[in-house]
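Structure, as structure tokens:
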Protein chains: 2
Amino acid sequence: MGTAADLLRSAGVKVTPGRQRVLDALCSASQALSHADVEALLPDADRVTLYRVLDSLVACGLALKAVDARGVFRFSASAVQRQHEGHVHFRCTDCGGVFCLEAAPPSPPQLPHGFRLAEIALDVRGTCANCSRTG
Amino acid sequence: MGTAADLLRSAGVKVTPGRQRVLDALCSASQALSHADVEALLPDADRVTLYRVLDSLVACGLALKAVDARGVFRFSASAVQRQHEGHVHFRCTDCGGVFCLEAAPPSPPQLPHGFRLAEIALDVRGTCANCSRTG
DNA sequence: TTGCAAATGCAATATTGTTGCAAATAGCGG
DNA sequence: CCGCTATTTGCAACAATATTGCATTTGCAA
Ligand SMILES: [Mn+2]
Ligand SMILES: [Mn+2]
Ligand SMILES: [Zn+2]
Ligand SMILES: [Zn+2]
């Protein structure tokens with residue numbers, strides 16, 4: 001993987017400052033970013049342009065779009081997202097931190113007929129070492 | 001399972017016409033309903049009251065709330081929350097439906113030192129039989 | 001029957017995302 | 001390098017979904 005500009009070029013889309021900055025933000029983020037998150041990181045960018053930039057990154061395959069538990073779209077760099085496939089995460093309910101665990105991912109359960117599995121995630125929640133000590 | 005009124009009483013919430021009608025609608029629906037769906041089924045009900053009724057059913061464990069692929073909340077009748085402890089759910093990313101699986105819940109993985117486990121959830125996502133066919 | 005906490009109805013507001021359109025510009029052919 | 005053109009951007013208006021404030025009504029238990 002090269003610079004944001006390289007990624008954009010090899011994805012076959014125009015290289016614009018906005019796309020470079022947004023893609024950089026997604027690549028260095030430790031979790032999927034909402035539109036509001038990106039806006040906070042790039043305060044000079046236009047709101048609507050950000051929506052369109054994010055969607056263009058999804059359209060060319062450089063980003064993934066998913067809905068979070070609150071119904072808000074979140075965007076992640078495709079490369080980064082792939083790094084976290086197939087392993088288990090611990091979510092601290094105090095600080096919100098997400099930690100990668102060494103445990104193997106669970107095996108997919110038997111599904112009813114016609115159901116299609118897209119993703120399986122073992123979500124372990126509790127308090128991290130830091131928060132357990134101070135809390 | 002008894003009438004909607006019985007379910008509401010045993011869930012420890014006030015029995016109101018709105019709650020009875022909404023719970024009936026959720027119980028007889030073949031898939032998770034959005035606020036707009038419920039509004040279409042009960043055209044006389046107030047929009048905001050409908051939002052609050054749906055949330056109250058979730059709060060007392062009679063309904064489950066999930067987000068569909070468009071970021072819209074969808075609600076489905078559930079048996080009492082207790083019934084759903086200790087087994088795995090399948091979440092349809094298209095329609096937002098929540099389905100109970102037969103699989104046993106996974107055993108907790110080894111946590112780093114100092115971490116405290118509160119809850120463990122196996123999140124299985126994909127498309128249900130209905131949405132796989134039509135989608 | 002009465003009292004009161006809970007629920008409701010309605011208006012206003014918030015949050016998130018989309019559309020229309022004119023101005024700017026990235027990348028291409030020349 | 002230069003100009004052309006389709007794409008992208010900026011801004012305003014709009015749309016869809018959800019929440020908040022508050023006065024009124026109601027379930028239900030004493
Ligand atoms: Mn990870
Ligand atoms: Mn269940
Ligand atoms: Zn923590
Ligand atoms: Zn479905």
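- Checked for salt-bridge contact, B:Arg21 and B:Asp24 miss the test: no charged N lies under 4.0 Å from a carboxylate O.
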Return the polar atom pairs (N/O with N/O) between nucleotides 10-16 of chain C and the protein under 3.5 Å, or none.
{"residue": "C:dC10", "atom": "N4", "partner": "B:Arg52", "partner atom": "NH2", "Å": "3.1"}
{"residue": "C:dT16", "atom": "OP1", "partner": "A:Arg70", "partner atom": "NH2", "Å": "3.4"}

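- One can place CG of A:Asp55 at 13 Å from C1' of C:dT19, the figure rounded to the nearest angstrom.
- Each of B:Arg74 and A:Ala45 was matched to the nucleotide of DNA chain D holding its nearest heavy atom; the match closer to the 5' end belongs to A:Ala45.
- Geometrically, A:Lys65 does not engage A:Phe75 in a cation-pi contact defined by less than 6.0 Å to the ring centre and at most 45° from the axis.
- A salt bridge links B:Arg9 to B:Asp6: one of the charged nitrogens lies within less than 4.0 Å of a carboxylate oxygen.
- Looking at B:Arg19, its side chain does come within 3.5 Å of a backbone N or O of B:Lys14 through a donor-acceptor pair.
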Discussion item. As a check on the pairing definition, encode DNA chain D in dot-bracket form, counting Watson-Crick and G-U wobble pairs whose two distances are under 3.5 Å, and using | for partners outside this strand.
Written reply: ||||||||||||||||||||||||||||||

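- Here the C1' atom of nucleotide C:dT8 and the CG atom of B:Asp44 are 14 Å apart, to the nearest Å.
- When every heavy atom of A:His35 is checked against every heavy atom of A:Arg47, the shortest pair comes out as NE2-O, 3.1 Å.
- With contacts defined as side-chain heavy-atom distances shorter than 4.5 Å, the pair A:Gln20/A:Val15 qualifies.
- To the nearest angstrom, C1' of D:dT8 lies 14 Å from CG of A:Leu54.
- Taking the six-membered ring where the residue is Trp, the centroids of B:His89 and B:Phe99 are separated by 6.0 Å or more.
- The side-chain contact (heavy atoms from CB on, under 4.5 Å) with B:Val22 is formed by just one residue from the set B:Thr49, B:Leu50, B:Leu62; it is B:Leu50.
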Discussion item. Evaluate A:Leu111 against A:Leu117 for side chain to side chain contact (heavy atoms under 4.5 Å, CB included), listing each step before the verdict.
Written reply: CA-CA 8 Å; A:Leu111 295 182; A:Leu117 176 71; 3.8 Å; yes

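- Side-chain contact between A:Pro109 and A:Ile120 is present, with at least one heavy-atom pair separated by less than 4.5 Å.
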Give every pair of a protein N or O atom and an N or O atom of nucleotides 24-30 of chain D that lie under 3.5 Å apart, one pair per line with the distance.
{"residue": "D:dC28", "atom": "OP1", "partner": "B:Val15", "partner atom": "N", "Å": "2.6"}

